[in-house]
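To keep things clear, I will list the structure first and then write my remarks on it.
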Amino acid sequence: MEINQIFDTISNNISSVPFRHLNLATSAKMSRAKILSYRQQYCNGDSLTVRVDMFNYLGQRKTYGGDFLTARIYSTDLGAAASGRVEDFNNGSYNIHFILSWVGNVKISVILYHPSEGVSALWRARNAGYKNIIFTGNFLYKTQEIEKVCGFYLESQQEKCVYADKRDGEFFYCIKPPNVPCEALISMRSKIHHHSYLTKSEKTIFTRSNIGVEIPRDPGSIAVTNCQRNFTDVKPKCRIGMPVPYPSGYFLNNLWHSNFCNLSSFEPLSQINECLTGKLIYLMGDSTLRQWIEYFQKHMKSLKFFNLPGHGIHTKYLALDMDRNIYIQWKKHGHPFVSPGIYSVKDCAYIAREIDGLPGSPNTIIVITLGQHFRGFPLHLFIRRLLSVRKAIERIFQRSPETKIFIKLENSRDINTDVERISDFHGYIQYLLFKDLFKRLNVGIIDAWEMTQAFASYNLHPPETVIRNQINMFLSYIC
């Protein structure tokens with residue numbers, strides 16, 4: 001019931017415009033963005049509002065909202081950038097709100113990622129079924145090695161193996177090989193199923209030339225100066241549990257600065273060894289969090305990988321610093337884990353169960369990320385997973401209130417025509433949902449979505465500059 005209520009709340013806020021013809025859909029090139037109350041000069045710290053009015057391909061004014069827009073301001077030569085907050089008036093007009101946080105020539109970018117007609121089609125298609133991605137399970141029994149189809153929903157009438165976590169309502173299935181026990185399943189891989197829930201006409205919205213298109217701006221940049229104001233706003237130290245606004249920060253000199261807390265006068269990364277001494281760090285999630293343990297090992301000279309058994313990049317990672325008593329582990333999350341490469345299911349567990357298996361302590365730190373692997377499946381699956389993780393966090397706080405827990409929110413990724421499986425629209429919905437469901441918990445938030453939007457990284461695995469700033473923000477909470 002709770003899952004359905006959450007889903008219905010989200011669905012009621014998403015465009016439900018029937019697609020009739022591409023000419024009637026929102027066109028980025030026909031739309032216009034302009035600065036409200038434009039001035040020749042702006043001051044550092046000012047707010048900036050950009051008005052966006054949408055038109056279709058025929059040049060007709062749009063009368064409803066629901067377009068998926070992304071926006072940023074940036075100064076490439078300064079290594080500076082920030083995201084904008086989009087306000088939808090549901091009448092074809094939008095206001096985008098920025099905070100001017102550095103001095104120089106600041107450029108403005110507003111992108112129509114998907115028109116409202118595309119948003120409506122994607123939302124319907126995403127929640128239509130589980131056929132976008134298929135899994136192949138590998139069973140090993142005596143001398144036999146057998147492959148069978150697996151997934152969250154199998155139409156076959158053949159006997160099935162049921163892999164269930166009944167407490168949390170999690171179910172995964174494989175076709176059962178004859179005379180082979182279900183426990184013989186040892187590994188898994190996945191592949192894209194050439195299936196679509198979109199109609200032929202809807203697919204015309206999602207050609208590459210119609211995804212992520214810049215909206216013309218007038219003017220396209222502004223001048224920001226230091227107006228010698230006396231800033232008396234002293235930010236508090238970053239603390240776990242602080243509410244995180246949007247936008248929450250900005251890049252300057254390729255270093256992330258927070259709008260709501262003080263990252264301190266020094267870069268926490270400079271004291272990483274001292275900060276993490278005696279800590280047990282559990283990284284739970286996908287490969288965007290595996291980038292963290294790879295960064296730790298690369299930049300902490302005495303931290304060494306322990307050679308655990310297993311093969312492939314999706315096996316568990318363990319890094320140890322024996323002198324400083326630092327323990328860092330990365331482990332992939334449970335189904336769905338989407339990868340064409342074979343990975344073991346024997347070390348695969350749902351994050352809620354992983355958290356339940358830890359006693360917790362003042363020196364225990366858990367970092368969680370979920371999202372990228374869920375984009376190709378109905379949202380009910382993701383909602384259920386978040387609720388089970390939230391309950392597990394509440395349980396560990398009951399037995400160990402001083403355990404530190406962080407949520408690294410999903411990051412944006414490359415623009416791709418495979419919109420049903422990996423569009424950033426799916427990621428954005430999950431990002432908003434994650435923030436909403438965990439906002440009342442005493443957890444630290446690493447807003448990877450905002451960082452990658454501001455940086456315009458357009459990569460599933462953000463560059464090291466972004467990873468360094470994610471970790472720097474993480475350290476600022478605990479150092």
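Because only heavy atoms are used, hydrogens play no part in the values below, and waters and symmetry mates are left out as well, while side chains stay in.
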Worksheet item: Can you tell me if D286 and T288 form a side-chain donor-acceptor pair at under 3.5 Å?
Response: yes

Fill in: Expected output: side-chain N56 to main-chain G59 donor-acceptor under 3.5 Å
yes

Worksheet item: Is the number of heavy atoms from other residues, nucleotides or ligands under 6.0 Å of K34 NZ greater than 12?
Response: no

Worksheet item: Looking at residues at least two apart in the chain, or sitting in another chain, which of them share a ring-ring contact (aromatic ring centres under 6.0 Å, His included) with Y431?
Response: W449

Worksheet entry | Donor-acceptor contact present, side-chain S476 to main-chain M473, <3.5 Å | yes

Item to complete: Report the relative orientation of the aromatic rings in Y130 and F377; use parallel for angles under 30°, tilted for 30 to 60°, perpendicular for over 60°.
Response: tilted

Worksheet item: Which residues pass the ring-ring contact (aromatic ring centres under 6.0 Å, His included) test with H380, sequence neighbours left out?
Response: F7

Worksheet item: Is any side-chain heavy atom of I211 closer than 4.5 Å to a side-chain heavy atom of F425?
Response: no

Worksheet entry | Flag, side chain of E354 to backbone of M284, donor-acceptor distance under 3.5 Å | no

Worksheet entry | side-chain hydrogen bond (donor to acceptor under 3.5 Å, both in side chains) partners of K279, counting only residues at least two apart | none

Fill in: Backbone of A454 reached by a side-chain donor or acceptor of S83 within 3.5 Å
yes

Worksheet item: Does the R385 side chain pair with the main chain of H335, one donor and one acceptor, at a distance under 3.5 Å?
Response: yes

Worksheet item: Is the shortest distance from a Lys or Arg side-chain nitrogen in E294 or K298 to a carboxylate oxygen in the other one below 4.0 Å?
Response: no

Practice prompt. Please say whether more than 12 non-hydrogen atoms of neighbouring residues, nucleotides or ligands are located less than 6.0 Å from OH in Y153.
Written response: no

Discussion item. Can you list everything that forms a side-chain contact (heavy atoms from CB on, under 4.5 Å) with A223? Sequence neighbours excluded, please.
Written reply: none

Item to complete: Flag the pair I478 / L276 as yes when at least one side-chain heavy-atom distance between them is below 4.5 Å, and no otherwise.
Response: yes

Worksheet item: Less than 4.0 Å between a side-chain N and a carboxylate O, is that true for D53 and R61?
Response: yes

Practice prompt. Could you give me the CA-CA distance, side-chain angles and deciding distance for F172 and F135, then say whether ring-ring contact (aromatic ring centres under 6.0 Å, His included) is met?
Written response: CA-CA 10 Å; F172 192 79; F135 295 88; 5.6 Å; yes

Worksheet item: Does atom OH of Y197 have more than 12 heavy-atom neighbours from other groups under 6.0 Å away?
Response: yes

Worksheet item: Would E214 and R217 pass as an ion pair if we require N to O under 4.0 Å?
Response: yes

Practice prompt. Would you indicate whether the side-chain heavy atoms of L22 and L24 approach each other to under 4.5 Å?
Written response: no

Worksheet entry | salt bridge (charged side-chain N to carboxylate O under 4.0 Å, His left out): pairs with one or both residues in residues 420-448, sequence neighbours excluded | R375-D424, D418-R421, D436-K439

Worksheet item: Any luck finding a side-chain donor-acceptor pair between T369 and E410 under 3.5 Å?
Response: no

Worksheet item: Can the ring centres of W292 and F474 be said to be less than 6.0 Å apart?
Response: yes

Fill in: CD1 on I108 to OG on S221, rounded to 0.5 Å
7.0 Å

Worksheet, complete the sentence: Residue set satisfying side-chain hydrogen bond (donor to acceptor under 3.5 Å, both in side chains) with R124, at least two apart, ordered chain then number -> E202

Worksheet item: Within 45° of the six-membered ring axis of Y74 and under 6.0 Å from that ring's centre, is NZ or CZ of R72 located there?
Response: yes

Worksheet entry | Any side-chain heavy-atom pair of Q470 and K408 under 4.5 Å | yes

Practice prompt. Quick one: do H97 and S47 satisfy side-chain hydrogen bond (donor to acceptor under 3.5 Å, both in side chains)? Show the steps, please.
Written response: CA-CA 7 Å; H97 305 277; S47 295; over 6 Å; no

Worksheet item: Given side chains that start at C-beta, do those of N411 and V466 come closer than 4.5 Å, heavy atoms only?
Response: no

Worksheet entry | Under the ring-ring contact (aromatic ring centres under 6.0 Å, His included) test, residues paired with F296 that sit two or more places apart | none

Discussion item. Angle between ring planes, H373 versus F337, binned at 30° and 60°: parallel, tilted or perpendicular?
Written reply: parallel

Worksheet item: Does the side chain of T207 come under 3.5 Å of the side chain of N210 through a donor N or O and an acceptor N or O?
Response: yes

Worksheet item: Are any side-chain N or O atoms of H426 and backbone N or O atoms of Q372, one a donor and one an acceptor, separated by less than 3.5 Å?
Response: no

Item to complete: May I ask you to test the Y42-I35 pair for a side-chain heavy-atom distance under 4.5 Å?
Response: yes

Discussion item. Given 3.5 Å as the limit, does a donor-acceptor pair link the side chain of E87 with the main chain of Y94, or not?
Written reply: no

Worksheet item: Can you list the residues that meet the ring-ring contact (aromatic ring centres under 6.0 Å, His included) rule with Y64, with sequence neighbours excluded?
Response: none

Worksheet item: R384 and D168: salt bridge (Lys or Arg N to Asp or Glu O under 4.0 Å), yes or no, with the steps?
Response: CA-CA 8 Å; R384 182 185 301 279; D168 293 335; over 6 Å; no

Fill in: Residues D77, K107; criterion salt bridge (Lys or Arg N to Asp or Glu O under 4.0 Å); working and verdict
CA-CA 11 Å; D77 57 329; K107 294 181 179 179; over 6 Å; no

Item to complete: In sequence, state the C-alpha distance, the side-chain angles, and the governing distance for D347 and K331, and then conclude on salt bridge (Lys or Arg N to Asp or Glu O under 4.0 Å).
Response: CA-CA 8 Å; D347 65 348; K331 193 172 181 182; over 6 Å; no

Practice prompt. Carefully, step by step, assess S423 and H114 under the rule side-chain hydrogen bond (donor to acceptor under 3.5 Å, both in side chains).
Written response: CA-CA 9 Å; S423 169; H114 294 311; 2.8 Å; yes

Fill in: Least distance between heavy atoms, L122 atom then F206 atom
CG-CZ, 3.7 Å

Practice prompt. Using modelled atom types only, decide if a donor and an acceptor are shared between the side chain of D67 and the backbone of S116 within a distance under 3.5 Å.
Written response: yes

Worksheet item: Who passes side-chain hydrogen bond (donor to acceptor under 3.5 Å, both in side chains) against K62, sequence neighbours left out?
Response: T26, E117

Item to complete: Determine yes or no for a side-chain-to-main-chain donor-acceptor pair under 3.5 angstrom, with H193 supplying the side chain and H195 the backbone.
Response: no

Worksheet entry | Side-chain heavy atoms of K203 within contact of S196, under 4.5 Å | yes

Worksheet item: Can a donor-acceptor pair be found between the side chains of H461 and S287 at a distance below 3.5 Å?
Response: yes

Item to complete: Tell me, please, which residues at least two apart from C348 pass disulfide bond (SG atoms under 2.5 Å apart).
Response: none

Worksheet item: Hey, are the side chains of F406 and I240 touching, using non-hydrogen atoms and a 4.5 Å cut-off?
Response: yes

Discussion item. Strictly distance-based, threshold 3.5 Å: is any side-chain N or O of D88 a donor or acceptor partner for the main-chain N or O of G66?
Written reply: yes

Discussion item. The criterion is side-chain hydrogen bond (donor to acceptor under 3.5 Å, both in side chains); which residues satisfy it with E394, sequence neighbours excluded?
Written reply: none

Fill in: Between S412 and T452: side-chain donor-acceptor atoms closer than 3.5 Å
yes

For residues 245-256, please give each side-chain donor-acceptor pair under 3.5 Å, one per line with the distance, not counting sequence neighbours.
| unit_1 | atom_1 | unit_2 | atom_2 | d |
| --- | --- | --- | --- | --- |
| S248 | OG | E450 | OE1 | 2.5 |

Item to complete: Run through I368, V244, L386 and flag the one making a side-chain contact (heavy atoms from CB on, under 4.5 Å) with I407.
Response: I368

